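Read through the structure below, which is laid out as structure tokens, and then see the notes.
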Amino acid sequence: MDFSKLYRPSALNSFQFIAVTGLIMSAGAHLILHFFADRTLPGYNWLYVCWAALYVIGSLLNLFGKPDQGHHHHH
């Protein structure tokens, strides 16, 4: 089992990449709201739970899913 699929950027699948990007963007927005707007939004922390769940699902697919056989387009 190749555990580098959990942390190596070039080995992440779409779900993992979206989750990591969402986590970074949510954390950035959270910091901006906290330090510049001096407020928090109720329920905002649930975003982190959603990103984590998406990352776990993507990781399971990446580790245990069938290897991608490429896309075959017929004309």
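Note that the coordinates shown come from a computational prediction; the quantities given were computed from them, not determined experimentally.
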I'd like to check Ser59 versus Gln16 (side-chain heavy atoms, cut-off strictly below 4.5 Å). Are they in contact?
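They are in side-chain contact.
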Does the side chain of Leu33 come within less than 4.5 Å of Thr40's, by heavy atoms?
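When only atoms from C-beta onward are counted, Leu33 and Thr40 do not touch, as no gap falls below 4.5 Å.
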Would a hydrophobic clustering, with Ile, Leu, Val, Met, Phe, Trp and Tyr connected at side-chain separations under 4.5 Å, put [X] with [Y]?
| X | Y | value |
| --- | --- | --- |
| Val49 | Leu41 | no |
| Tyr48 | Leu31 | no |
| Val56 | Met1 | yes |
| Phe3 | Leu61 | no |
| Val20 | Leu63 | yes |

Specify the closest pair of heavy atoms between Leu12 and Lys5, including all atoms of both residues, with the distance to one decimal.
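Smallest heavy-atom distance, with atoms named: CD2-O, 3.5 Å.
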Closest non-hydrogen atom pair between Ala11 and Ser4, with its separation
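Looking at all heavy atoms of both residues, the shortest contact is CB-O, 4.0 Å.
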Among Leu6, Leu23, Leu60, the one residue meeting side chain to side chain contact (heavy atoms under 4.5 Å, CB included) with Tyr55
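Among Leu6, Leu23, Leu60, the one that satisfies the side chain to side chain contact (heavy atoms under 4.5 Å, CB included) with Tyr55 is Leu6.
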Please answer whether the main-chain N or O of Gly22 pairs with a side-chain N or O of Trp51 as donor and acceptor at a distance below 3.5 Å.
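Yes: the side chain of Trp51 pairs with the backbone of Gly22.
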Short question: side chain of Tyr44, backbone of Ser26 - any donor-acceptor pair under 3.5 Å?
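The answer is yes, because a donor-acceptor pair under 3.5 Å joins these two groups.
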Any chance CG of Asp2 has more than 12 other-residue heavy atoms, nucleotides or ligands included, within less than 6.0 Å?
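Enclosed: over 12 neighbouring heavy atoms sit under 6.0 Å from CG of Asp2.
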Counting heavy atoms not belonging to Arg8, are there more than 12 under 6.0 Å from its CZ?
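Buried by this count: over 12 neighbours within 6.0 Å.
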CA sep, side-chain torsions, deciding dist, call: His30, Leu47, side-chain contact (heavy atoms from CB on, under 4.5 Å):
CA-CA 10 Å; His30 205 161; Leu47 273 175; over 6 Å; no
